Chemist: 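Here it is, the structure in full.
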Amino acid sequence: MSFKSLIDEIENNLHKILEDMSISDIQFTVEPAKPGFGDVSSNISFLLAKSLKKSPKEIANLMSEKYRKSQNILVSKVEPHPTGYLNFFADWEKLSQLILSESNLNEFGSIDLGNNSQIIVEHTSVNPNKALHIGHIRNIVLGDTVARILKKSNYKVNVLNYVDDSGLQVADIIVGFKHLGFDQQSPTGKKFDHYCGDDVYVKTTEKYEQDPTFEEIRKNTLKELEDGTSETAKFADMITRRVLENQLETCWNLGVYYDCLNFESQIIRSGLWSKIFEKLKEMNLVEFENDGKNAGCWIIRGEDNEEDKVIVRSNGTATYIAKDIPYAAWKLGLIDDPFSYKKYEKTQPGSQILWQTTLTESNEPKQNFTGNKVITVIDSRQARLQKIITGLMSKFKSTDDAYVHLGYESVTLSSDTAQTLGLDTDGKQAQMSGRKGLYVNADAVYDLLKNKTIEETKKRHAEMSDSEIEQIAHYVSVGTLRYEMIKQDLDKMITFDLTKSLSLEGDTAPYIQYTHARASRIIEKSARPPSIDVDFSLLNDPSELSLIKIIGLFEIYVLDAAKNLSPKVIARYCHDLAVAFNSFYEHVKVLELGDEKLENSRLCLVHSFKITLDKALKLLGITAPDKM
RNA sequence: GGGCUGGUAGCUCAGCUUGGAUAGAGUGCUGGACUUCUAAUCCAGUGGUCAAGGGAUCGAAGCCCUUCCGGCCCGCCA
């Protein structure tokens with residue numbers, strides 16, 4: 001409970017006071033205070049001003065009088081502020097002991113929001129016809145981070161990756177292989193996914209413009225893909241699985257793991273659509289148009305002045321969105337599961353088993369990858385389609401928030417970066433385009449970052465072995481990439497600039513990781529294990545107290561992040577922790593003080609900081625090295 | 001035309017859900033701190049009509065309305 005214990009104590013006491021005054025229904029806040037205003041503040045006086053017909057200042061005086069008679073354990077002082085706020089000061093000796101002891105528990109920062117219920121997080125979901133670019137990374141890191149935060153919040157999380165293996169984009173590279181003579185092996189030194197995206201896909205798309213007869217080939221290829229039994233479909237399956245494997249390598253390298261891979265081709269062949277379509281008709285969620293521009297089609301009525309959406313064409317075939325409806329229903333466990341499950345051919349790093357769906361018999365036991373709640377991470381360009389799905393699911397499930405579209409703005413390229421890729425944008429940022437070859441590959445960014453961090457680490461540690469340096473550089477590069485993708489709010493565009501992305505100073509992962517290395521070094525040098533059995537009253541420097549305070553706020557931020565599906569909250573928390581530690585580091589020494597008691601107390605704090613930062617960074621999928 | 005979304009310091013962004021105290025970071029620029037537990041650091045200074053206007057409120061960056069400017073989406077494509 002840590003800092004929350006203090007807040008709870010104050011809240012309870014204030015409620016009792018209101019009860020004695022026969023006042024109810026006041027939704028006052030009790031929050032960590034801004035610096036300079038005590039430790040906790042409440043706005044209660046402002047809210048009482050009207051009903052008591054007194055100024056906030058007078059009420060603050062009154063309330064603090066009453067509060068002083070309450071039973072106080074962690075509060076040492078109450079102070080009415082002339083503005084009307086009620087400011088509380090903690091008994092830091094007690095609170096420090098509470099926070100620092102609790103921070104030693106493995107479950108420190110864990111909260112119970114999910115009540116151990118099953119939840120699905122779907123992310124990544126990229127066409128397996130190209131390598132992952134920096135825009136995909138935002139999706140992947142966002143989804144992975146949300147999954148980690150939800151686990152910490154007592155949800156049973158299953159992470160899905162929907163492999164879009166039967167669309168037009170896949171057809172395009174198949175056309176390249178089958179009709180343009182592209183070799184099935186990538187050139188030496190080039191990953192197969194890069195080859196498919198950079199060469200096969202881009203060149204094939206160019207060909208359509210030069211030679212319109214290829215459009216026909218494209219259409220036929222798409223048709224053959226959806227059939228499933230065709231030679232083309234089998235060939236495509238082989239190719240897309242090779243690409244998928246390469247894409248997964250990129251994800252795994254970033255510390256992103258999954259529970260199950262779902263294949264679009266199998267959803268199509270499973271026949272789930274026709275079942276859902278019947279249900280939609282029964283529930284009157286779709287309508288048949290007899291006339292108008294959509295005559296002969298089944299449509300979903302548009303809301304908010306939006307156009308109706310065709311879901312079954314007049315020729316009887318289903319449109320794109322129709323594939324998403326059964327899949328969404330499947331994720332929510334609303335339809336009988338037609339799939340068997342088998343383990344993915346390659347094992348993920350770590351212990352997590354990776355399953356995949358199959359329509360053929362399997363010796364493996366049936367799995368359950370459904371949830372009462374489903375979070376689908378897709379960029380906000382798909383907001384409209386997702387809104388339709390969300391609407392349908394809320395009717396199926398009769399709850400509003402069972403299906404959540406977690407949208408985010410896309411990643412664009414800075415004009416400088418676009419220029420290095422050969423596009424003059426006249427100083428404006430540019431949307432990435434796989435088709436035009438205008439993108440920055442995720443692997444390439446990682447490599448650049450890694451080379452740079454290897455260089456930086458070598459500068460500082462001439463004595464280190466190559467493998468040790470490589471390990472550190474890996475953690476720092478992954479951390480940097482992940483942090484940049486997560487620190488910004490979801491509704492803000494990220495303009496990616498190749499040069500700026502290599503910055504390792506300021507509000508970046510290395511800044512935060514560096515504080516961890518500093519803390520580790522102190523503990524290592526002290527040559528004795530940190531103990532919790534110390535004199536907490538010795539920790540009274542402002543820099544010590546503010547560090548303890550921030551450590552104690554961990555769970556409050558986890559709750560905020562989980563409730564609002566807002567991973568940047570944790571990124572900011574990590575940054576706050578790091579800032580507080582750096583300030584502590586500059587202000588007070590820990591070692592060789594000639595005062596063993598004080599050293600032990602500070603060592604205890606350093607250790608608490610280190611393990612708390614470690615836990616918080618873990619939620620972001622970032623590892624902090626002991627040296628860097 | 002309709003829907004969604006953003007506009008806060010030169011630049012990149014927090015704060016807005018739940019109105020209240022001196023609107024915060026990073027970066028940039030200026031100056032300072034390494035014989036010290038790692039300077040990927042710290043300290044100080046600089047920098048703001050919170051897009052504009054109106055409304056409700058004792059009180060608005062925040063809530064409501066209008067306008068302006070940017071981005072995205074709006075196919076019987078996927």
Side-chain angles (χ1 to χ4, degrees), chain A residues 27-29 31 33-37 41 43 45-47 49-50 55-56 81-85 87 127 164 166-171 222 264 293-299 302-307 309-321 323 379-385 387 407 409-410 412 428-429 431 453 456-457 459-461 476 487-489 491-495 497 500 503-515 517-526 563-564 568-569 572 575-576 578-579 582-583 585-593 602 606 627-628:
Chain A
Q27 300 288 315
F28 59 88
T29 61
E31 296 171 322
K34 286 203 225 176
F37 297 102
S41 314
N43 67 348
S45 321
F46 297 108
L47 305 177
K50 200 169 248 176
S55 74
H81 192 274
T83 53
Y85 271 104
N87 294 332
N127 288 105
D164 220 334
S166 52
L168 208 53
Q169 296 202 27
V170 169
L222 183 61
E264 182 180 74
K293 64 171 182 172
N294 294 327
C297 299
W298 288 88
I299 56 121
E303 286 174 19
D304 300 322
N305 294 327
E306 286 182 349
E307 300 272 318
K309 187 77 205 164
V310 171
I311 70 165
V312 175
R313 302 180 184 99
S314 52
N315 69 6
T317 56
T319 58
Y320 172 68
I321 188 176
K323 291 175 204 167
D379 79 81
S380 43
R381 284 175 295 198
Q382 299 233 35
R384 196 160 184 182
L385 290 184
K387 191 179 160 194
E409 280 296 324
S410 48
T412 61
K428 286 185 186 163
Q429 52 190 241
Q431 287 281 333
T453 46
E456 294 291 324
T457 313
K459 268 191 224 164
R460 292 165 175 81
H461 300 281
V476 174
K487 77 173 179 191
Q488 201 141 180
D489 213 349
D491 50 22
K492 286 276 191 340
M493 242 188 307
I494 292 181
T495 305
D497 184 274
K500 286 184 187 153
S503 164
L504 308 175
E505 287 162 17
D507 186 11
T508 64
Y511 171 87
I512 298 165
Q513 289 169 313
Y514 184 65
T515 60
R518 279 180 149 182
S520 297
R521 187 69 172 151
I522 291 173
I523 290 165
E524 184 196 316
K525 277 213 163 178
S526 81
K563 260 190 179 165
N564 298 310
K568 68 139 198 273
V569 167
R572 299 190 73 80
H575 184 253
D576 288 351
V579 168
N582 273 330
S583 166
Y585 188 93
E586 301 283 338
H587 280 93
V588 300
K589 275 181 69 73
V590 178
L591 303 177
E592 292 166 41
L593 299 170
R602 289 188 176 158
V606 171
K627 289 180 189 171
M628 62 183 277

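Lettering of chains follows the sequences in order, A, B, ..., and the numbering in each one begins at 1. Quantities reported herein were computed from a predicted structural model and do not represent experimental measurements.
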Chemist: Ser166(A): what forms a side-chain hydrogen bond (donor to acceptor under 3.5 Å, both in side chains) with it, not counting sequence neighbours?
Modeler: Glu264(A)
Chemist: Measure from the side chain of Met628(A), starting at C-beta and using heavy atoms only, and say which of C76(B), A40(B), C42(B) lies closest.
Modeler: A40(B)
Chemist: With sequence neighbours left out, write down each residue that passes salt bridge (Lys or Arg N to Asp or Glu O under 4.0 Å) with Lys627(A), or none if nothing qualifies.
Modeler: none
Chemist: For Asn315(A), check side-chain hydrogen bond (donor to acceptor under 3.5 Å, both in side chains) against everything at least two apart and list the hits.
Modeler: Thr317(A)
Chemist: Run the ring-ring contact (aromatic ring centres under 6.0 Å, His included) test against Phe28(A) and tell me which residues pass, sequence neighbours left out.
Modeler: His15(A)
Chemist: Output all residues satisfying salt bridge (Lys or Arg N to Asp or Glu O under 4.0 Å) with Lys293(A), sequence neighbours left out; order by chain, then residue number.
Modeler: Glu307(A)
Chemist: From the options A14(B), C76(B), A40(B), select the nucleotide whose nearest atom is closest to the side chain of Leu504(A).
Modeler: A40(B)
Chemist: Of the listed nucleotides (A40(B), A21(B), C77(B)), which one gets closest to any side-chain atom of Lys34(A)?
Modeler: A21(B)
Chemist: Side chain of Thr457(A) only, heavy atoms from C-beta on: which candidate in C76(B), G26(B), A40(B) is closest?
Modeler: A40(B)
Chemist: Expected output check: what is the dot-bracket annotation of RNA chain B, where ( ) and [ ] are pairs inside the strand (brackets for crossing ones), | is paired with another strand, and pairs are Watson-Crick or G-U under 3.5 Å?
Modeler: (((((((..((((......[...))))((((((.......))))))....(((((..]....))))))))))))....
Chemist: Can you list the residues that meet the side-chain hydrogen bond (donor to acceptor under 3.5 Å, both in side chains) rule with Arg518(A), with sequence neighbours excluded?
Modeler: Asn582(A)
Chemist: Please confirm whether any donor atom in the side chain of Asn87(A) sits under 3.5 Å from an acceptor in the base of A21(B), or the reverse.
Modeler: yes
Chemist: Hey, does the side chain of Tyr514(A) come within less than 4.0 Å of A40(B)'s phosphate (OP1/OP2), counting only N and O?
Modeler: yes
Chemist: Per the atom types in the model, does the base of A25(B) pair as donor or acceptor with the side chain of Arg572(A) at under 3.5 Å?
Modeler: no
Chemist: Considering only nitrogen or oxygen atoms on both sides, find all protein atoms under 3.5 Å from nucleotides 30-37 of chain B and state each distance.
Modeler:
residue	atom	partner	partner atom	Å
C37(B)	O2	Val590(A)	N	3.4
C37(B)	O2	Leu591(A)	N	3.3
C37(B)	N3	Val590(A)	N	3.3
C37(B)	N4	Tyr585(A)	O	2.5
C37(B)	N4	Val588(A)	O	2.6

Chemist: Taking only residues two or more places apart in sequence, or in another chain, which ones meet Asp379(A) in a salt bridge (Lys or Arg N to Asp or Glu O under 4.0 Å)?
Modeler: Arg381(A)
Chemist: I'd like to check the ring-ring contact (aromatic ring centres under 6.0 Å, His included) partners of Tyr514(A); sequence neighbours left out, ordered by chain and number.
Modeler: none
Chemist: Using the C1' atoms only, state how far U66(B) lies from C42(B), rounded to an integer number of Å.
Modeler: 48 Å
Chemist: I want to verify a distance call: between A78(B), U5(B), A21(B), whose nearest atom is closest to the Thr319(A) side chain?
Modeler: A78(B)
Chemist: A39(B), C73(B), U5(B): which one has an atom nearest the side-chain heavy atoms of Glu409(A)?
Modeler: U5(B)
Chemist: Can you tell me how far the CZ atom of Arg572(A) sits from the NE2 atom of His575(A), to the nearest 0.5 Å?
Modeler: 8.0 Å
Chemist: Just wondering, are more than 12 heavy atoms of other shown residues or ligands nearer than 6.0 Å to CD in Glu303(A)?
Modeler: no
Chemist: Just the table, please: protein N/O against nucleotides 66-70 of chain B N/O, every pair under 3.5 Å.
Modeler:
none

Chemist: List in chain and number order the residues that pass side-chain contact (heavy atoms from CB on, under 4.5 Å) with Ala318(A), two or more places apart in sequence or in another chain; answer none if no residue qualifies.
Modeler: Trp273(A), Ala322(A)
Chemist: Taking only the side-chain heavy atoms of Ala517(A) (C-beta and beyond), determine which of C13(B), U38(B), C42(B) contains the nearest atom.
Modeler: U38(B)
Chemist: Considering only C42(B), G2(B), A25(B), which nucleotide approaches the side chain of Arg384(A) most closely?
Modeler: G2(B)
Chemist: Mind checking Lys568(A) for me? I need base, sugar-phosphate or nothing, with any heavy atom below 4.0 Å counting as a touch.
Modeler: sugar-phosphate
